[in-house]
Novice: 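Mind having a look at this structure? Questions to follow.
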Amino acid sequence: MLVTVKCFAWAREVTGGDEVELEVPDSGTVRDLRESLGKKFPAFAERMESIAVSVNQEFAGDSQGVSVGDELALIPPISGGVS
Amino acid sequence: MLVTVKCFAWAREVTGGDEVELEVPDSGTVRDLRESLGKKFPAFAERMESIAVSVNQEFAGDSQGVSVGDELALIPPISGGVS
Amino acid sequence: MICRIVETPVDMDTLIGDVAEDDIGGVCTFIGLVRNHSRGQRVTHLEYHAYPEMSEKKMRQVIEEISERFGVDRIAMEHRIGTLQIGEIAVGIAAASAHRDASFKACRYAIDRIKQIVPIWKKEFGEDGAVWVEECSVDAETA
Amino acid sequence: MICRIVETPVDMDTLIGDVAEDDIGGVCTFIGLVRNHSRGQRVTHLEYHAYPEMSEKKMRQVIEEISERFGVDRIAMEHRIGTLQIGEIAVGIAAASAHRDASFKACRYAIDRIKQIVPIWKKEFGEDGAVWVEECSVDAETA
């Protein structure tokens, strides 16, 4: 299935857009999404462990399932608030 | 010698004025000032340990000397800031 | 209680007014400002970006955590996004309580936790170009 | 740095502006408000009295202690005296630092220490009459 994933900050510069479409297996997980992302964009593969993934506006572990209707996003390391 | 002592808050209500004059021995100390105060106003004698004395705008121990030219004050328990 | 991402200047009086009621004795606030230096480099301005819907959701989570931990319910927070100049307020927090200890703890927890779990990013513009500041990788287990 | 006893309303923006400079990243403020209750009694208003010259001197001492302990030099504080209504600001403190931890510590120390050594008194007016609130006997050894 093809899922749409929101991109922010550094991730947006890598993918070149607000959203990216990724192919993941039906009944796939965040882990599958990461694998698909790393193949499509090597820059992500190099630092995958520093990127979080959110599903429906909650941070998700790798074993969490994803489906076409979910709101998915790539969350690079954050820097809100102030130093 | 006769010294003039500023009164604030509760102390002012007891003495009835912004200042009170107290007789202390020449080369006297804060201890002497307290003794003179307690004799003149029994309300002070009853709770003398809760009243601080300042000499020239610094809190003073009982053995500190006082002289006519000093700025003296009675400091009841404070409640600045907020609870 | 105010809890939002804004594109306009953060007004502390609005946040303070939002939490101060007649039974409140103390309000602790924290104001995060854009500094003119960072990591040894001169900064000219910043750009803050956010995932706005999720940011507001996670800010509400922070407020709920504070209520559970410190019993403080009167909290307001705003985080500004867009281009900010030196000295402008990036984030404002106000925490009110009957007594001061809880208001300090609540406000401190709020700014620390915002930095951990609210998806906001900043890009620093300096003499040597622009860079995404990446301070905290989000840990899904504790976020 | 502002450090004074005032008879007019405390304006937090003035205090914040006094400490915020381009190299400042965080400002922690504390605002002490007149509460509508105290010790189980309803409060209608308060009167704050001070030994003004000594109060400003002791407030300057608090600022010096903060500089020594926390390395924070940008502190502003105002304490209002006279008649205050419920919800009005009695005391305002702003502490600024490059990083937030020091600003929180400085602000917290300031309000705690003000209550220990600055000669200010308040009289609470309630349904059952008026009473001097006596919270802290000054210890000359540590003041």
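Chain naming here is simple, since letters A, B, ... match the order of the sequence lines and numbering starts at 1 in each. Reckoned from all heavy atoms, side chains included, excluding hydrogens, waters and symmetry mates.
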Novice: Just wondering, more than 12 heavy atoms not from Glu141(C) lying within 6.0 Å of its CD?
Specialist: no

Novice: Using side-chain heavy atoms (C-beta onward) and a distance below 4.5 Å, is Arg35(D) in contact with His99(C)?
Specialist: yes

Novice: Side chain from CB out, backbone as N, CA, C, O: work out which of these in Val91(C) comes under 4.5 Å of a heavy atom of chain D, or both, or neither.
Specialist: neither

Novice: Check Phe104(D) against Phe30(C) and note the closest heavy-atom contact, atom names and distance.
Specialist: CE1-CD1, 3.4 Å

Novice: With a strict 4.5 Å heavy-atom criterion, list every residue of residues 1-24 of chain C that contacts chain D, or say none.
Specialist: Asp13(C), Ile16(C), Ala20(C), Asp22(C), Asp23(C), Ile24(C)

Novice: Do you know which of Asp101(D), Val34(D), Ile89(D) has the most heavy-atom pairs under 4.5 Å to chain C?
Specialist: Asp101(D)

Novice: Are Arg100(D) and Lys115(C) side-chain neighbours, meaning at least one heavy-atom pair lies under 4.5 Å?
Specialist: yes

